[in-house]
*Asks:* 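The structure is given below, and queries will be raised subsequently.
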Amino acid sequence: MPKAIRDDADLVRGCLAGEAAAWEQLLHRYRRLIYSVPVAFRFTNEDADDVFQRVAMKLIEGLPKLRDPTALPSWLATVARHECHALHRVESRNVDTPVEDHDPGVEPPDIIAALESVAQEHAMAVALEQLEDPCRGLLTMLYVDDPTPPYDEIAKRLGRPIGSLGPSRSRCLGKLRKLYES
């Protein structure tokens with residue numbers, strides 16, 4: 001059975017209640033978004049890690065004050081941008097540290113794309129969670145599991161003939177599309 005997909009409001013409540021699993025799921029969900037900001041500013045990997053840690057700390061401090069959990073992605077992107085600006089100011093004062101070629105006054109367009117990508121991934125995960133078995137199991141094995149099991153193993157796990165997997169996959173993707181679009 002796949003791990004239950006929790007919405008942001010539920011995760012925020014879990015974090016505030018001290019649930020380590022909620023904290024891990026929230027950071028995992030927005031990891032790419034947070035990292036996309038320093039990457040878009042062409043920061044080094046070490047600086048991107050530093051920005052991520054700073055944003056995580058700000059998230060811990062800011063969660064009790066967060067009024068609307070649906071605003072969390074844009075809040076995280078904003079905090080990450082502010083942390084990038086702060087880090088840039090510190091680096092530009094240190095003459096021994098070369099500063100990457102970026103202008104912190106210009107917002108990279110990759111941030112908007114990252115926000116959209118995170119929202120789409122979340123919507124897809126929620127749609128997949130809503131699918132009934134065997135569709136959820138089949139699509140999880142084909143598109144989520146890493147590494148993807150061979151078709152004969154998938155057929156065996158589902159108790160179906162291998163020749164039925166292709167048509168089943170098509171029907172299941174259609175159902176997933178409807179759930180995703182609703």
Side-chain angles (χ1 to χ4, degrees), residues 2-130 140 143-146 176-177 179-182:
K3 189 190 318 183
I5 304 295
R6 298 168 69 179
D7 66 15
D8 286 350
D10 187 36
L11 289 175
V12 167
R13 281 189 299 275
C15 290
L16 293 172
E19 284 181 42
W23 177 248
E24 288 174 25
Q25 195 172 352
L26 193 64
L27 282 181
H28 178 74
R29 178 172 296 161
Y30 291 109
R31 179 180 232 60
R32 277 187 44 210
L33 170 66
I34 296 167
Y35 269 102
S36 72
V37 178
V39 166
F41 279 102
R42 295 192 297 258
F43 279 12
T44 65
N45 289 340
E46 294 81 19
D47 286 343
D49 290 341
D50 190 33
V51 168
F52 181 84
Q53 291 300 321
R54 290 176 186 209
V55 172
M57 291 303 297
K58 297 278 185 180
L59 181 58
I60 290 170
E61 296 166 1
L63 273 182
K65 300 175 216 159
L66 185 67
R67 288 177 291 211
D68 181 11
T70 61
L72 187 59
S74 58
W75 183 85
L76 288 169
T78 300
V79 170
R81 280 195 310 271
H82 289 200
E83 291 303 322
C84 286
H85 293 302
L87 185 59
H88 177 74
R89 283 191 299 275
V90 168
E91 286 182 345
S92 63
R93 284 186 219 139
N94 185 352
V95 292
D96 296 336
T97 304
V99 178
E100 293 291 319
D101 180 26
H102 63 274
D103 180 359
V106 176
E107 299 300 337
D110 297 0
I111 295 170
I112 294 166
L115 277 170
E116 290 170 358
S117 176
V118 167
Q120 288 171 346
E121 285 178 16
H122 179 64
M124 185 60 69
V126 169
L128 184 62
E129 176 77 14
Q130 292 172 348
T140 298
Y143 301 109
V144 178
D145 289 356
D146 188 29
L176 181 65
R177 184 177 300 115
L179 288 170
Y180 176 77
E181 292 172 350
S182 64

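No hydrogens, no waters, no symmetry mates; every other heavy atom, side chains included, goes into these values.
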*Asks:* If we check side-chain contact (heavy atoms from CB on, under 4.5 Å) with Val55, which of these qualifies: Ile34, Leu33, Leu27?
*Replies:*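 It is Ile34, the one option of Ile34, Leu33, Leu27 that forms the side-chain contact (heavy atoms from CB on, under 4.5 Å) with Val55.
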
*Asks:* Going by side-chain contact (heavy atoms from CB on, under 4.5 Å), name the residues that satisfy it together with Thr78, two or more places apart in sequence or in a different chain.
*Replies:*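 Partners of Thr78 by the side-chain contact (heavy atoms from CB on, under 4.5 Å) criterion, ordered by chain and then number, come out as Arg81, His82.
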
*Asks:* List the atom of Pro73, the atom of Tyr30, and the distance in Å for their closest heavy-atom pair.
*Replies:*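 Closest pair (atom of Pro73, atom of Tyr30, distance): CG-OH, 3.4 Å.
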
*Asks:* Any side-chain heavy atom of Asp8 sitting closer than 4.5 Å to one from Thr70?
*Replies:*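 Not touching, per the 4.5 Å side-chain cut-off.
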
*Asks:* Any heavy-atom pair between the side chains of Leu72 and Leu11 that's under 4.5 Å?
*Replies:*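 When only atoms from C-beta onward are counted, Leu72 and Leu11 do not touch, as no gap falls below 4.5 Å.
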
*Asks:* Could you give the distance from CD (Glu181) to CG (Leu176), rounded to the nearest 0.5 Å?
*Replies:*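 Nearest 0.5 Å value for the CD-CG distance: 9.5 Å.
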
*Asks:* From Asp47 CG over to Leu87 CG, what is the distance, rounded to the nearest 0.5 angstrom?
*Replies:*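 That separation rounds to 4.5 Å.
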
*Asks:* Which value, rounded to the nearest 0.5 Å, describes the distance between Met124 atom CE and Arg177 atom CZ?
*Replies:*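 Here the interatomic distance stands at 8.5 Å.
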
*Asks:* How many angstroms lie between CH2 in Trp75 and CZ in Arg67, if you round to the nearest 0.5 Å?
*Replies:*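 Output value for this atom pair is 12.5 Å.
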
*Asks:* Please examine the side chains of Leu59 and Val79, heavy atoms only from C-beta on, and report whether any two atoms are closer than 4.5 Å.
*Replies:*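 They are not in contact (no side-chain heavy atoms under 4.5 Å apart), so the answer is no.
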
*Asks:* Please name the pair of heavy atoms, one in Gly14 and one in Arg6, separated by the smallest distance, quoted to 0.1 Å.
*Replies:*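 The answer is CA-NH2, 4.0 Å.
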
*Asks:* So, do Val37 and Val51 sit near enough that their side-chain heavy atoms are less than 4.5 Å apart?
*Replies:*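 A side-chain contact is absent here, since even the closest heavy-atom pair is not under 4.5 Å.
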
*Asks:* Indicate yes or no: at least one non-hydrogen side-chain atom of Arg13 is less than 4.5 angstrom from one of Leu16.
*Replies:*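 Contact flag for Arg13/Leu16 side chains = no.
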
*Asks:* If you look at every heavy atom in Pro38 and Cys84, which pair is closest and at what distance?
*Replies:*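 Taking Pro38 first and Cys84 second, the nearest heavy atoms are CA-SG, 3.6 Å.
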
*Asks:* Mind listing the closest non-hydrogen atom pair of Ala127 and Leu179 along with its distance?
*Replies:*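 What the structure gives for the nearest pair is O-CD1, 3.5 Å.
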
*Asks:* Roughly how far apart are His28 NE2 and Arg31 CZ, rounded to 0.5 Å?
*Replies:*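 Rounded to the nearest 0.5 Å, the NE2-CZ separation comes to 8.5 Å.
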
*Asks:* With rounding to the nearest 0.5 angstrom, report the CD to OG1 distance, Glu129 to Thr140.
*Replies:*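 Those atoms lie 9.0 Å apart.
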
*Asks:* Parallel, tilted or perpendicular: which fits the ring planes of Tyr35 and Phe52, with parallel below 30° and perpendicular above 60°?
*Replies:*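 It falls in the parallel class, under 30°.
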
*Asks:* For Glu24, what residues pass the side chain to side chain donor-acceptor pair (under 3.5 Å) criterion, not counting sequence neighbours?
*Replies:*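 Glu24 satisfies side chain to side chain donor-acceptor pair (under 3.5 Å) with no other residue.
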
